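Note that the coordinates shown come from a computational prediction; the quantities given were computed from them, not determined experimentally.
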Amino acid sequence: MRTHRPGELRSGDDGTRVTVCGWVAHRRDHGGVVFLDLRDATGLLQVVVDPGVAGLEDVRRVRSEWVLRVSGVVRPRPAGTVNDSMPTGEIELGADSLEVLSESEPPPFPLDERADIDEVLRLRHRYLDLRREPMQRNLRVRAAVNAAVRAAMDAQGFCEIETPMLIASTPEGARDFVVPSRLHPGSFYALPQSPQLFKQLLMVGGFDRYYQIARCLRDEDLRADRQFEFMQLDLEMSFADQADVLAATSVAVLAAAEAVRPGDAPDAVAQITWREAMDRFGSDKPDLRFGMELIDLGEVFAATEFRAFQGAACVKGLCVSGHGESSRNVVDGLVERAKQLGAAGLVWMRVRDVDGVATLESPVVKFLSEPERLGIIDTLGAKVGDLVLLASGSWATTVSVLGQLRLDLGRPPVSEGGLHFVWVVDFPLFEGLGEGGRPSPAHHPFTMPHPDDFDLLDSDPLAVRSQAYDLVLNGWELGSGSVRIHRREVQQRIFALLGIDEDDQQRKFGFLLDAFRFGPPPHAGFAFGIDRLVAILAGEDNIREVIAFPKTQSGTDPLTNAPTPIDPTQLRELGLAMRATPKS
RNA sequence: GGUCCUGUGGUGCAGUUUGGAGUGCACGCCGCCCUGUCAAGGCGGAGGCCGCGGGUUCAAAUCCCGUCAGGACCGCCA
């Protein structure tokens, strides 16, 4: 059907007779000569229909997005008509035959890359949106990431194994999508939130290095970085510790980054403890593309007379470079934001030049001693023209409030600042107290405690660190993993702490615990989100831009109209009855 | 469940603050002209439930209430 692809022809093809196929991107009809820009996935090629060439009269009818098959000879463009802005700009195709393969109505929106089109319209006609260069680019980035990840895992001796989509519902975690069973009316399958339990069974089954690019489904509200269904590189390793998992996973993500952003990818993934990430960046997913770290001012205010900071567990500051002349309106907005985030208040100070000396100016500065004022400037490294923000209170609130303000004020756009991968390690085992005063697991109940912290399990459970870890890229959580508990007595101890009794254990995880009676190897694993990784690598701040057919924020698909009501006979067959008339 | 933002010819916007005729810009579409353009150009034309419903008013795209759709976020996402 074709001998070449339009976007691949170059000046070296001069004189070659070719046949190309594609869509009409632009038509420039000069009355005599007619120019067509023919587009396919490889790019654009200018087709010239000279006047008087027999059999090409059809070109007058041709419109945007018609599909053509054009034959002719590649020729250099005449002097002065070369187009430097396109890769095929030195040549053109002098058509001598033209076949209309398919006609098109005018598209409902322009397919130029420039146009910023309403997203519902794009999704309703996604097949047209996919023709546009950004979507072509993003989905090809995605394919390259998948290929690089697979190659990296295969090269490291991992075995790709699929796990089922129709599984038993497990009561923990996110809300399940469920599928009614026809053969067992009243019973339901769940769609997997992740292959978590199955991959641990694979370890018991002797596949010591498993991976899968797995589809995961969670029925929770959607966000810019969350869809109902998403893809994860899921992996698990036997006879391996945390360092082994981090190393194997690093190879895969760095290979993916190198494949699509050659030269931008670092040689290694940085590492930081959870505690340090919270202390310095106020987040368990620190964005390391910029500094603006949180600085401890506990010593400066150790003996302060300033009431707001007296007796505070934590006083920290943030120096916002160059924001010193922010209007009162803007600054008040920051105070309001801090309060919404849970802070009791926010102290702000402008750094101004007074007789050549950097001096703090603020409504509260009169309550501070001279050493305190100098200490703030000195410790924060504040300069004339900066804005200083101080918060105090509990450690957790103080760091998280300042951490959010840091992002609000300093975070670069998604496509800038390079690629800063970081492992966040030593997460706490439990995240606060849940119902009944029991600690609740920060990761999941099979997470191995940190080897140095077993003694704290009974005395101070909330201080126990775990062998759980997150992978973070530019402030996005890509994924998490852990070393799993494989010893029965440790698992029983954790279940006891969590308040999960024997019945609960059997009901929720019975088959896994059963399997663990038969020689479970020590194992550890990880999973990271392909959609998020691809989005960042493609410079998109929304994963819908890297998914061929995504859903809207309310979980609908404007193209297929999913979800739809189903036929009453279908309901009957499944043993289901509608309780109330659904809306619309 | 909640907060905030958006909705105006096919597309992207302006108009809404301060109510006064569907007013404007760019693109697209249709017709005519045009032999070197490249987002071609020139002339002409068609195309509107101002998301939907209600209210206030002599008068509503504009003000108020409700509702629908979309987006960002909080909750949620072990």
Can you measure A:L44 atom CG to B:U37 atom P for me and round it to whole angstrom units? 18 Å

Separation of B:G2 P from A:Q340 CD (nearest whole Å): 18 Å

Determine whether the aromatic ring of A:F35 stacks with the base of B:U37, defined as ring centroids separated by less than 5.5 Å and ring planes inclined by less than 30°. yes

Whole-angstrom distance between [N] and [M], as gauged at atom [atom1]:
N: B:G31; M: B:A46; atom1: P; result: 15 Å
N: B:G41; M: B:C27; atom1: P; result: 7 Å
N: B:A21; M: B:U17; atom1: P; result: 13 Å

Does any N or O donor sit under 3.5 Å from an N or O acceptor when you compare the side chain of A:R223 with the base of B:G75? yes

Between the side-chain atoms of A:D37 and the base atoms of B:C38, is any donor-acceptor pair under 3.5 Å? no

First locate atom CE of A:M135, then atom CD1 of A:I547, and finally report the distance between them rounded to the nearest 0.5 Å. 9.0 Å

Just how far is it from atom CE of A:M165 to atom CZ of A:R215, taken to the nearest 0.5 Å? 6.5 Å

Reckon A:Q227 touches a base, only the sugar-phosphate, or nothing at all at heavy-atom distances under 4.0 Å? nothing

What is the nucleic acid contact for A:P51, judged by heavy atoms within less than 4.0 Å: base, sugar-phosphate only, or nothing? base

Is the distance from OP1 or OP2 of [N] to the nearest side-chain N or O of [X] less than 4.0 Å?
X: A:S554; N: B:G70; value: yes
X: A:R544; N: B:A72; value: yes
X: A:N542; N: B:G71; value: no

Between B:G71, B:C77, B:G12, which one does the side chain of A:I117 approach most closely? B:G12

